[in-house]
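Have a look at the structure below before the remarks.
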Amino acid sequence: MMSELGGAGRRGLALAGALFFSLAATGCNRAAADARVATASPREMDTARQQMELIPPPSKTRYLAVSSLSSWDNPYLTVQENMVTLHITQADANTTGMGVGGMLRPVGARRQVLNVRVSDLPASLNAVPEDSWPYGRVVAIEEAHDTPSSDRPAVRRNMEAAIKTLSDLGVVVYEWNEGGLR
C-alpha cells in the first residue's frame with residue numbers, strides 16, 4: 001500500500017501522524033497554559049530548517065495580492081493561549097480547470113486544521129506537502145479572535161515564540177490582523 005502512495009500521499013500520512021502525535025502528547029491540559037513556552041531542540045530545528053529549504057523562497061507579488069485568510073492558499077497559523085492552530089489547504093490533485101471550486105471539487109474538502117504545541121511547529125510544518133506552499137516559504141499568522149483579556153499575555157507569548165520559530169526555520173512571517181495584513 002505504501003509503495004502505491006506518491007510523495008503527496010506519504011506527506012499526507014505524515015501530517016496525519018503529526019496531528020495524532022500532537023493531540024496524544026498534549027491533550028486538553030489547562031496546566032500547559034501556565035508553563036513556559038517550550039521550543040524545539042537545536043537538532044530538531046536544524047533538521048526542520050534543512051527540510052524547509054526544499055520549499056522555494058516566497059513570491060511577494062503572489063501573497064501580497066491576497067486580501068482575506070479564506071483565500072490564502074499557503075499554511076497559516078492562529079495562535080491561542082496554549083496551542084497554535086495550523087490551517088492547511090491541500091493542493092488540488094486535478095490540474096484541469098474544469099469544475100474548480102464546484103460541487104465535485106470543493107476547496108473546503110482540501111482544508112485541514114491541526115492543533116499543535118509551539119514546540120511541535122517545526123515538525124508539523126515539515127509534514128505539510130510541498131504543493132501546499134504555492135506562495136513559497138511564507139506563513140500568515142494571527143492571534144485568536146475573542147481572547148479574554150486575562151489570556152492575552154499567554155497568547156502574545158505564544159505568538160512571539162511562533163514567530164521566532166518560523167524565523168529560525170527561514171519562513172517569512174506575514175502577520176495578519178482582523179482588518180487585513182499588518
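- Considering every non-hydrogen atom in both Ser167 and Val173, the closest pair reads OG-CG2, 4.3 Å.
- Ser149 pairs by the side-chain hydrogen bond (donor to acceptor under 3.5 Å, both in side chains) definition with nothing, not counting sequence neighbours.
- Under the 4.5 Å side-chain contact rule for hydrophobic residues, Val84 and Leu169 share a cluster.
- Note: the hydrophobic cluster containing Trp133 also contains Leu114 (ILVMFWY, side chain heavy atoms under 4.5 Å, direct or indirect links).
- The hydrophobic cluster containing Ile55 also contains Val171, counting ILVMFWY residues as joined when their side-chain heavy atoms lie under 4.5 angstrom apart, directly or transitively.
- Following chains of ILVMFWY side-chain contacts shorter than 4.5 Å, one can reach Val128 starting from Met52, so the two form part of one hydrophobic cluster.
- Salt bridge Arg43/Asp46: absent, no basic N to carboxylate O contact under 4.0 Å.
- A distance of 12.0 Å separates CD in Gln80 from CE in Met159, rounded to the nearest 0.5 Å.
- By the 4.0 Å N-to-carboxylate-O rule, Glu53 lies too far from Arg137 to be salt-bridged with it.
- Side-chain atoms of Asn158 do not come within 3.5 Å of backbone N or O of Val79 as any donor-acceptor pair.
- Between the Ser59 side chain and the Tyr135 main chain, no donor and acceptor come within less than 3.5 Å of each other.
- Within the structure, the salt bridge (charged side-chain N to carboxylate O under 4.0 Å, His left out) test picks out no pair touching residues 62-72 (sequence neighbours left out).
- The nearest pair of heavy atoms linking Ile141 to Ala162 is CD1-CB, 3.9 Å.
- Nearest heavy-atom pair across Arg111 and Ser70 is NH2-O, 2.9 Å.
- A heavy-atom distance below 4.5 Å is found between the side chains of Leu166 and Leu125.
- The nearest pair of heavy atoms linking Pro75 to Ser132 is CD-O, 3.3 Å.
- One distance of note links CD of Gln112 with CG of Leu86; it measures 9.0 Å at 0.5 Å rounding.
- Counting heavy atoms from C-beta on, the side chains of Trp72 and Thr89 never come closer than 4.5 Å.
- Glu81 has its side chain out of reach of Thr147: every pair of non-hydrogen atoms, C-beta onward, lies at least 4.5 Å apart.
- Cluster annotation: Leu121 is not connected to Met83 through the hydrophobic network of ILVMFWY side chains, with a link wherever side-chain heavy atoms come within less than 4.5 Å.
- Between Val66 and Trp176, the shortest heavy-atom distance links the atoms O-CH2, 4.3 Å.
- Between Lys164 and Glu160, none of the side-chain N atoms (NZ, or NE/NH1/NH2) sits under 4.0 Å from a carboxylate O, so this pair counts as no salt bridge.
- Using a 4.5 Å heavy-atom threshold, the side chains of Tyr63 and Asn74 count as separate.
- Ile163 is listed as a side-chain neighbour of Glu175, based on a closest heavy-atom distance under 4.5 Å.
- Atom CD of Glu44 is separated from atom OG1 of Thr165 by 11.0 Å, given to the nearest 0.5 angstrom.
- Side chain of Arg49 to main chain of Asp168: a donor-acceptor pair is present (N/O by atom type, distance under 3.5 Å, no hydrogens or angles).
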